[in-house]
Amino acid sequence: MQGIQKNLLDLHPDEINRIMVSRGERSFRINQLLEWIYGKRVLDFSRMTSLPAQLQHDLATAFKLTIPVIKERTGSSDLAVKYLLQLEDDNLIEMVLMPYEGKTTLCLSSQVGCQYKCKFCATGRMGFQRNLTVHEITGQIFIASCELGERKLTNLVLMGMGEPLDNLENILPAINILQHEKCFSFSPRRITLSTCGIVPGIYRLAESGIKLKLALSLNSAVQKKREQIMPVAHRYPLNKLKKSLQYFLERNPYRITLEYVMIRNFNMNREDILALRKFSGDLSCKINLIPWNQVDGSNFTKPLEKDIETFMDALRGMKIAVTLRESRGTDIQAACGQLSARACSRR
Ligand code: SAH
């Protein structure tokens with residue numbers, strides 16, 4: 001175990017196993033190591049007291065166990081907490097922890113910033129810096145579990161900063177670690193990945209064989225309108241997107257969620273409803289409506305309560321579940337589309 005220090009948290013347990021076996025360790029030691037890290041969440045080899053001192057020393061020489069550092073915590077009146085996290089290269093990301101009745105959800109980031117510049121979203125405005133590494137992704141879960149103490153983290157949504165399908169090289173290994181029985185042991189149906197509609201990424205995800213729930217940020221089923229608010233729609237039009245979703249559904253057991261940000265006087269009229277019905281009618285999916293959350297410097301407007309009701313009623317006629325997302329953390333700029341990693345966001 002010589003050479004430059006790798007982060008052990010970047011490695012799949014099978015890889016850790018291979019390394020340990022190659023240095024003559026027996027399987028119970030490997031299990032002990034994984035239990036310290038993922039069971040007890042101890043990220044310091046010198047505190048892994050059941051391991052021989054020599055092994056602790058050798059591991060510490062060869063490997064790091066670092067995760068992002070909390071720079072700032074901001075609590076919302078609705079109990080959501082936004083975390084500003086600092087990475088080793090000083091880049092900043094955000095994650096949001098949302099304790100609900102009976103479940104606790106972590107909304108985690110997949111990239112520093114985002115390159116897609118959706119008109120209604122704050123993250124796109126900060127530009128794109130880089131992909132997160134495996135340990136920066138799983139590190140967010142370590143942090144959340146630590147913060148929660150006795151309370152268990154039950155659900156993960158990849159809906160924070162960035163486009164997860166553009167970082168599959170790290171997202172897939174991270175999800176493998178999240179689902180592995182010797183690591184975090186998350187059930188596939190408790191992990192949702194949301195995409196703005198990167199068609200090749202959807203095919204790759206389907207072909208990877210990984211099981212999880214997929215959400216698509218649809219926001220309009222009218223091609224021209226979608227292009228107006230999501231520049232990425234030019235590259236991946238709705239007809240191609242739909243084919244990729246069908247392909248995904250053939251290989252994955254879960255229904256797809258279509259996320260639809262409702263913007264007043266923009267995507268909530270009759271034409272929008274008809275298009276949405278047509279797009280979703282023959283897909284195994286559910287629709288999750290999200291009232292648009294205010295983003296600085298944007299000239300969109302929140303939908304009125306009565307318009308939301310009318311829109312929902314018009315969709316209820318279909319055999320598709322329609323739910324309304326209760327946005328958490330709007331008072332602390334932690335809700336959908338508001339993450340932009342500004343330090344001192346409390347001001
Ligand atoms: N890039 C991925 C992951 C980010 S998820 C994606 O686009 O899906 C962010 C979710 O929040 C998306 O469904 C997006 O449509 C929604 N969103 C973005 N800005 C919003 C805003 N201002 N108000 C409400 N929802 C917003």
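Everything numeric here is computed off the predicted structure, so don't read it as measured data. In each ligand, atom 1 is the first atom listed, and ligand 1 is the first ligand listed.
- Less than 4.0 angstrom separates some heavy atom of G160 from each of these atoms of ligand 1: 4 (C).
- Geometrically, ligand 1 and G162 share a nitrogen or oxygen pair separated by less than 3.5 Å.
- Residue W292 approaches ligand 1 through these ligand atoms, each under 4.0 Å from one of its heavy atoms: 21 (C), 22 (N), 23 (N), 24 (C).
- Between atom 16 (C) of ligand 1 and the options I263, T257, V261, the minimum heavy-atom separation is to V261.
- Close contacts of ligand 1 with I290, meaning ligand atoms under 4.0 Å from a residue heavy atom, involve 24 (C), 25 (N).
- Of the possible donor and acceptor atoms, none in the side chain of S109 sits under 3.5 Å from a partner among the backbone N and O of Q111.
- For the residue pair R226 and Q223, no side-chain donor N or O sits within less than 3.5 Å of a side-chain acceptor on the partner.
- For atom 23 (N) of ligand 1, the nearest protein heavy atom (residue, atom name, distance) is N293 N, 2.8 Å.
- When each atom of ligand 1 is checked for a heavy atom of V295 under 4.0 Å away, the hits are 22 (N).
- Judged by distance alone, with hydrogens and angles left aside, the side-chain atoms of T330 form no donor-acceptor pair with the main-chain N or O of A335 at under 3.5 Å.
- Residue N219 has at least one heavy-atom neighbour below 4.0 Å for each of these atoms of ligand 1: 15 (O).
- For K240 and Y236, the positive end is not near the middle of the six-membered ring at less than 6.0 Å and at most 45° from its axis.
- Between E250 and Q246, the side chains place no donor N or O within less than 3.5 Å of an acceptor N or O (distance only, hydrogens not considered).
- A donor-acceptor pair shorter than 3.5 Å cannot be found between the side chains of N155 and Y100.
- A donor-acceptor pair under 3.5 Å links the side-chain atoms of K82 to the main chain of I332, judged by distance alone.
- Of the listed options C118, S194, S217, S110, S194 places a heavy atom closest to atom 3 (C) of ligand 1.
- Scanning the protein heavy atoms around atom 19 (N) of ligand 1, the nearest turns out to be G337 CA, 3.0 Å.
- Close contacts of ligand 1 with E259, meaning ligand atoms under 4.0 Å from a residue heavy atom, involve 13 (O).
- A cation-pi geometry, defined here as NZ or CZ lying under 6.0 Å from the six-membered ring centre and within 45° of its normal, does not hold between K119 and F300.
- Near C121, meaning under 4.0 Å from any of its heavy atoms, are these atoms of ligand 1: 18 (C), 19 (N).
- Residue contacts with ligand 1, taken as heavy atom pairs separated by less than 4.0 Å, involve E163 via backbone and side-chain atoms alike.
- Looking only at protein heavy atoms, the nearest one to atom 11 (O) of ligand 1 is C336 CB, 3.4 Å.
- Between K224 and E271, no side-chain nitrogen of the basic residue sits less than 4.0 Å from a carboxylate oxygen of the acidic one, so the salt-bridge criterion is not met.
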